[in-house]
K.L.:
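Input: one structure, supplied below.
Quick caveat, the model's predicted, so the values are computed rather than measured. Note on naming: letters A, B, ... go to the chains in the order of the sequence lines (proteins, then strands), and numbering restarts at 1 for each one.
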There are 2 protein chains.
Amino acid sequence: MKGQRSATLDDVARAAGVSRATASRVVTGQGPASSRARDRVAAAVIELGYVPDAAARALASRSGTRLAIAVIGHTAAVLDDPYVGRVLTTAAHIAAEREVGVSLHWLPLNEPVTLAGLAGSRGLGGLLVVNPTRPALETVPRDLRGRVAAIGVGTRDVPSFDVDNRTGTEGVVRHLVSTGRRRIAMVTGPSWLPCGDRAVEAYQRVMRDSGGETRVVPGDFTAARGAAAAAEIMTRWPDTDAVFALSDLTALGVLDGLHALGVSVPGDVAVAGFDDIAFASLSRPALTTSTHPVEEIATAAARAVLDRDGSAPATFFPSTLVVRESA
Amino acid sequence: MKGQRSATLDDVARAAGVSRATASRVVTGQGPASSRARDRVAAAVIELGYVPDAAARALASRSGTRLAIAVIGHTAAVLDDPYVGRVLTTAAHIAAEREVGVSLHWLPLNEPVTLAGLAGSRGLGGLLVVNPTRPALETVPRDLRGRVAAIGVGTRDVPSFDVDNRTGTEGVVRHLVSTGRRRIAMVTGPSWLPCGDRAVEAYQRVMRDSGGETRVVPGDFTAARGAAAAAEIMTRWPDTDAVFALSDLTALGVLDGLHALGVSVPGDVAVAGFDDIAFASLSRPALTTSTHPVEEIATAAARAVLDRDGSAPATFFPSTLVVRESA
DNA sequence: CTGTTAGCGCTTTCAT
DNA sequence: ATGAAAGCGCTAACAG
């Protein structure tokens, strides 16, 4: 195919009969260029199979060569969440198309210094913050503006990409109500995570509309917490007839905890989750839940920072109900 | 903390009272250097908090700035396997410490050209091949030697990091035998994947030793295939009293398929998996399996290519039996 | 709109 | 063992 070493910008410029500077302008699409120059350079690029050298570009423009993914949480264990794996997989795939790499970082909650340090490191091309809190987002330096995106809640300066868990929650809770459940409890996400607030509000609204009281216990998106929450709920409100968890992992834990308590699902208590992870269909009973298009969200967020597209301040991705056996 | 922009090698050299060339030799550990120079430079590095600029280094030494992770498989869907997510998460975390990023690539089986193309792209610092086949490994160019590692089977030139599924399989199958099972079937991995061969051989050996016939059906590591395999097995060998799948995902599918058939587990048929994924303890019945230290394996493999450590030709990580309810 | 001229921060011959 | 000097491939002022 290609004879020897890959073509450089000099080769392109020479082939197009223009200076290297002009070739650079055309390739990057940054400066001005006559349509004639544009065409000749474009042709040369194709003919030579030119691909810009990411390292050289990063060095000259101090633009960085890595897309950092920072996950906020109490412990480094947040990096092990399958959700993070899915975001990372998607981002790494998108980044690969542009010859950029992805690195993964844990951001201890309440230690915003770390984010500033990360942002200050050279070689940083862009930043994706997962599970952001507003205070943490405030600490991102302004010179990174336009190269940051949040998967979760955003700020005026940081565009946000997230699942629409408000309507998703409404769908699930309304389904519960429509199947005759009235005493519905909810297991939330971590209390410090603002993007779960919309879901809690949606749950409260539907409950109010249907005349039921609200029963909320805090969760942390883990299965272990789900099992404990199930016990807590059945002790505090023994007549509970449905549990909605804002995470399938937690819902699976709830299923486990209820089973240990001898409570039948969905006979005595209906259980619903959120995310529609692969295992939701494999549990017994199979889990009723609402979709979470993680791959689409991560793709959009990664593209936004990689392509410096700072338009849309906040994008919500729809979530749809999936009815199985548990509710 | 640090006042302004980060220190460069020039700053270090000046502070240490040596030339930039000497400072470079000390920092990289490559060329010769007097112990006196070594000490002074080391001190300056610490004092200034110097961190080499990955882009500049990559440009000057043509060493690349990315760790590529290539996953071999029939379709791009292999990238969605949670196993890949775990490998990627780990590698991205290790890479972050060295300011390098990772990128993710799908390598279509039987199209080795793609690997050569990937390897030829500039900016490639190292390569990790997941689920490698020997022919694919043969196509990695020799100038990448010492910067490639395989997670799975290796070759003379490519060091291998893998779980010891031979002893892992022995442990599981012997457990099955010791609990009275004799007619044990096995669902393997994809037939083109050589690293599953050792497991199949181990299964065959234990069966021979215990006087049972072998019953092998091919799998592909997915849950869907597990359900189909369960039906296939019960049709071909109705008296089967145990199924061992070389993947928890598949075993979970087997559980599902058996349930659909009205077969009770572990009453009629015992089921065991391999990997000990998080959901193994959440299924009903909870899955008996053998551990797979994916994070340790990925860490070792990533370190090997990042640190250019080509020693050990093959490293096997131990797998241990986890007995739960299904067998 | 275009070409010339400097670097970006580092590695690497090549003399010394 | 060390230093001087020459780039790696690209972008970004600055003149024209």
Side-chain angles (χ1 to χ4, degrees), chain A residues 4-42 44-45 48-66 98-100 121-125 143 308, chain B residues 4-42 44-45 48-66 98-100 121-125 143 308:
Chain A
Q4 35 283 11
R5 67 182 78 269
S6 7
T8 79
L9 191 55
D10 265 318
D11 300 330
V12 171
R14 206 170 302 126
V18 300
S19 76
R20 193 176 52 203
T22 299
S24 172
R25 290 183 193 108
V26 173
V27 170
T28 62
Q30 289 303 354
S34 65
S35 59
R36 184 165 158 289
R38 215 178 292 279
D39 292 344
R40 306 188 56 156
V41 171
V45 163
L48 299 177
Y50 170 74
V51 178
D53 181 316
R57 176 176 281 186
L59 180 57
S61 65
R62 5 182 106 276
S63 65
T65 170
R66 258 171 22 199
R98 295 161 175 73
E99 295 213 308
V100 344
S121 89
R122 275 168 318 196
L124 196 80
D143 63 313
R308 308 265 187 283
Chain B
Q4 33 283 13
R5 68 182 76 269
S6 8
T8 80
L9 190 55
D10 265 319
D11 300 329
V12 171
R14 206 169 304 124
V18 299
S19 75
R20 193 176 50 203
T22 300
S24 172
R25 291 182 194 111
V26 174
V27 169
T28 60
Q30 289 304 354
S34 65
S35 58
R36 185 163 159 290
R38 214 179 292 279
D39 293 344
R40 305 188 59 155
V41 171
V45 164
L48 299 177
Y50 170 74
V51 179
D53 181 316
R57 176 175 281 187
L59 181 57
S61 65
R62 9 181 104 277
S63 65
T65 171
R66 259 171 27 208
R98 295 160 174 73
E99 295 212 310
V100 345
S121 91
R122 273 169 320 195
L124 195 79
D143 63 314
R308 309 266 189 282

K.L.:
Looking at every strand, decide which applies to A:Ser63 at a 4.0 Å heavy-atom threshold: base, sugar-phosphate, or nothing.
P.N.:
nothing
K.L.:
Atom CG of B:Leu9 to atom C1' of C:dC10: distance rounded to whole Å?
P.N.:
7 Å
K.L.:
So which nucleotide from C:dC10, C:dG7, C:dC1 ends up closest to the side chain of A:Ala60?
P.N.:
C:dG7
K.L.:
Taking for each residue the nucleotide of DNA chain D bearing the nearest heavy atom, is the 5' side occupied by B:Arg122 or by B:Ala37?
P.N.:
B:Ala37
K.L.:
Taking C-beta and beyond as the side chain, do B:Val51 and B:Ser6 meet within less than 4.5 Å on heavy atoms?
P.N.:
no
K.L.:
Can you find a side chain N or O atom of A:Ser19 that sits less than 4.0 Å from OP1 or OP2 on C:dG3?
P.N.:
yes
K.L.:
Determine the sole option in B:Asp11, B:Val26, B:Val27 for which the side chain to side chain contact (heavy atoms under 4.5 Å, CB included) test with B:Val45 is passed.
P.N.:
B:Val27
K.L.:
Check whether any side-chain N or O of A:Ser61 sits under 4.0 Å from OP1 or OP2 of C:dC8, and answer yes or no.
P.N.:
no
K.L.:
Rounded to the nearest angstrom, tell me the gap between atom CG in A:Asp10 and atom C1' in D:dT11.
P.N.:
13 Å
K.L.:
Would one find a side-chain N or O of B:Ser24 under 4.0 angstrom from OP1 or OP2 of C:dT11?
P.N.:
yes
K.L.:
Please state whether the phosphate of C:dC10, meaning OP1 or OP2, lies under 4.0 angstrom from any side-chain nitrogen or oxygen of B:Thr28.
P.N.:
no
K.L.:
C:dC10, D:dG9, C:dT2: which one has an atom nearest the side-chain heavy atoms of B:Ala56?
P.N.:
C:dC10
K.L.:
Starting from C1' on D:dC8, measure out to CG on B:Leu59 and report it in whole angstrom.
P.N.:
4 Å
K.L.:
Could you tell me how far apart A:Arg20 (CZ) and C:dC8 (C1') are, to the nearest whole angstrom?
P.N.:
13 Å
K.L.:
What is the distance, rounded to the nearest whole Å, between atom CZ of A:Arg38 and atom P of C:dC1?
P.N.:
8 Å
K.L.:
Contact class for A:Ala55 (heavy atom, under 4.0 Å): base, sugar-phosphate, or nothing?
P.N.:
nothing
K.L.:
Tell me whether B:Arg38 contacts the main-chain N or O of B:Ala33 through its side chain, where contact means a donor paired with an acceptor under 3.5 Å.
P.N.:
yes
K.L.:
Considering only heavy atoms and no angle criterion, is a donor-acceptor pair shorter than 3.5 Å present between the side chain of B:Arg25 and the base of D:dG3?
P.N.:
yes
K.L.:
Can you give me the closest heavy-atom contact between B:Ala44 and B:Ala15, atom names plus distance?
P.N.:
CB-CB, 4.0 Å
K.L.:
Check step by step if side chain to side chain contact (heavy atoms under 4.5 Å, CB included) holds for B:Asp53 and B:Thr8.
P.N.:
CA-CA 8 Å; B:Asp53 181 316; B:Thr8 80; over 6 Å; no
K.L.:
Of the listed nucleotides (D:dG3, D:dA1, C:dT11), which one gets closest to any side-chain atom of B:Thr22?
P.N.:
D:dG3
K.L.:
Could you check B:Val27 against A:Arg36 and say which one's nearest nucleotide on DNA chain C is further toward the 5' end?
P.N.:
A:Arg36
K.L.:
Whole angstroms only, please: what is the CZ-C1' distance between B:Arg40 and D:dA1?
P.N.:
15 Å
K.L.:
Round to the nearest Å and state the distance from B:Tyr50 atom OH to C:dT11 atom C1'.
P.N.:
10 Å
K.L.:
With sugar-phosphate meaning primed atoms plus P, OP1 and OP2, does B:Ala33 contact a base, only sugar-phosphate, or nothing at under 4.0 Å between heavy atoms?
P.N.:
sugar-phosphate
K.L.:
Of the nucleotides C:dG9, C:dT2, C:dT11, which one has an atom closest to the side chain of A:Arg62?
P.N.:
C:dG9
K.L.:
From C-beta outward on A:Ala21, which listed nucleotide comes closest to its side chain: C:dC1, D:dT11, C:dT4?
P.N.:
C:dT4
K.L.:
To the nearest Å, how far apart are B:Gln30 CD and D:dA1 C1'?
P.N.:
16 Å
K.L.:
Just verifying a value: how many Å separate A:Thr65 OG1 and A:Arg57 CZ, rounded to the nearest 0.5 Å?
P.N.:
11.0 Å
